[in-house]
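The block underneath contains the structure these notes are about, expressed in structure tokens.
We count residues from 1, following the sequence as given.
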Amino acid sequence: MSTEDHTEDNGVPAGVTELSAAHGQALDQESAQPAVGSLTRILPEATLARLTQYLRALIKLKASGELRTSSGVLATAAGVNPAILRKDLSLLGSYGTRGVGYVVVELTEHISKALGLLQQWRVAIIGAGNLGRALSGYGGFRSRGFEIVALLDAAPEVIGTTVGDMEVQDIADLENIVQLSKANMAVLSVPGISAQDLCDKLVDCGVRSILSFAPVVLNVPAGVNLRRVDLATELQILAYHAQNLEA
């Protein structure tokens with residue numbers, strides 16, 4: 001079965017990481033993630049999603065030369081209430097200093113460490129259709145600590161072609177490619193009918209963190225982190241809110 005284009009593959013917006021966080025929050029609002037970074041406590045999904053927004057805002061502040069920031073400024077940049085921001089950061093042990101605020105560099109490193117972004121994450125993309133190709137070329141991944149190390153597909157006419165600076169490799173060589181590339185994360189951008197089988201193969205290869213864009217529910221064993229993003233579902237939710245705005 002080819003892992004080439006399917007009906008969901010219409011490309012991906014530059015904000016794909018924000019879509020992922022938002023959708024994960026919608027799916028698992030009441031669940032919690034295992035301990036992150038050096039933390040021993042478990043952080044709620046909603047907090048994890050907001051931490052990514054704080055980090056993005058901090059990176060912009062750092063780029064503009066800001067050395068310190070307040071909870072109010074950071075909350076506005078992240079689009080949240082300052083009280084919620086302070087509560088989230090208190091879970092990390094970051095309370096700031098009254099009248100001084102937060103040191104931008106220190107808070108950036110603190111959140112990055114909590115999210116595990118100081119580690120080396122090497123990502124294999126399974127499926128070189130429209131979505132897989134768009135993901136492989138998204139420059140925001142590298143700047144946020146993720147390196148795309150492999151792009152694979154099953155279609156003979158696609159294998160061996162070049163996408164950016166990457167050559168599409170044969171999914172039949174998955175185990176060898178994962179070992180050689182040292183991939184420790186994978187993205188599934190394949191049709192639903194192929195997703196479970198490929199997910200199982202990734203797990204057998206030792207990959208324990210998988211992001212799936214396939215429009216199906218996947219089953220994984222304990223010890224494997226699976227995140228699911230369904231762009232059609234996001235649009236349906238958006239349509240619901242849009243009709244209420246028009247009412």
Examine distances only and state if a side-chain atom of [X] and a backbone atom of [Y] form a donor-acceptor pair shorter than 3.5 Å.
X      : Y      : answer
Thr162 : Val168 : no
Arg122 : Ser181 : yes
Asp153 : Val158 : no

With side chain to side chain contact (heavy atoms under 4.5 Å, CB included) as the test, pick out the partner of Ser136 among Asp165, Ile125, Leu131.
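Per the side chain to side chain contact (heavy atoms under 4.5 Å, CB included) rule, the option paired with Ser136 is Ile125, out of Asp165, Ile125, Leu131.
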Out of Leu135, Val187, Val123, which one pairs with Phe141 under the side chain to side chain contact (heavy atoms under 4.5 Å, CB included) rule?
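The residue from Leu135, Val187, Val123 that satisfies side chain to side chain contact (heavy atoms under 4.5 Å, CB included) with Phe141 turns out to be Leu135.
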Show the numbers, then the answer: is there a side-chain contact (heavy atoms from CB on, under 4.5 Å) between Asp170 and Ile177?
CA-CA 9 Å; Asp170 193 340; Ile177 293 169; 5.8 Å; no
Those residues that, when tested against Ser112, pass side chain to side chain donor-acceptor pair (under 3.5 Å) (two or more places apart)
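Not a single residue meets the side chain to side chain donor-acceptor pair (under 3.5 Å) criterion with Ser112.
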List in chain and number order the residues that pass side chain to side chain donor-acceptor pair (under 3.5 Å) with Arg68, two or more places apart in sequence or in another chain; answer none if no residue qualifies.
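So Arg68 forms no side chain to side chain donor-acceptor pair (under 3.5 Å) with any residue.
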Once salt bridge (charged side-chain N to carboxylate O under 4.0 Å, His left out) is applied, what residue pairs with a partner in residues 193-204 remain, sequence neighbours excluded?
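Checked against salt bridge (charged side-chain N to carboxylate O under 4.0 Å, His left out) - neighbours excluded - the pairs reaching residues 193-204 are Asp197-Lys201.
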Quick one: which residue pairs count as a salt bridge (charged side-chain N to carboxylate O under 4.0 Å, His left out) with a foot in residues 171-192, not counting sequence neighbours?
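For residues 171-192, and leaving out neighbouring residues, there are no salt bridge (charged side-chain N to carboxylate O under 4.0 Å, His left out) pairs at all.
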[X], [Y]: one ILVMFWY side-chain cluster at the under-4.5 Å cut-off?
X      : Y      : value
Leu91  : Leu107 : yes
Trp121 : Leu51  : yes
Met166 : Val149 : no

When rounded to the nearest 0.5 angstrom, what is the spacing between CG in Leu89 and OG in Ser71?
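Atom-to-atom, Leu89:CG and Ser71:OG are 8.5 Å apart.
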Acceptor/donor pairs from residues 208-224 side chains to any protein atom, 3.5 angstrom cut, sequence neighbours excluded:
{"residue": "Arg208", "atom": "NH1", "partner": "Val203", "partner atom": "O", "Å": "2.9"}
{"residue": "Ser212", "atom": "OG", "partner": "Ala214", "partner atom": "N", "Å": "3.2"}

Quick one: side-chain contact (heavy atoms from CB on, under 4.5 Å) partners of Ala57, sequence neighbours excluded?
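Residues passing side-chain contact (heavy atoms from CB on, under 4.5 Å) with Ala57: Leu74, Ala77.
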Evaluate Arg50 against Gln53 for side-chain hydrogen bond (donor to acceptor under 3.5 Å, both in side chains), listing each step before the verdict.
CA-CA 5 Å; Arg50 289 191 295 267; Gln53 304 305 312; over 6 Å; no
Salt bridge flag under 4.0 Å for residues Glu109 and Lys62
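Salt bridge: no.
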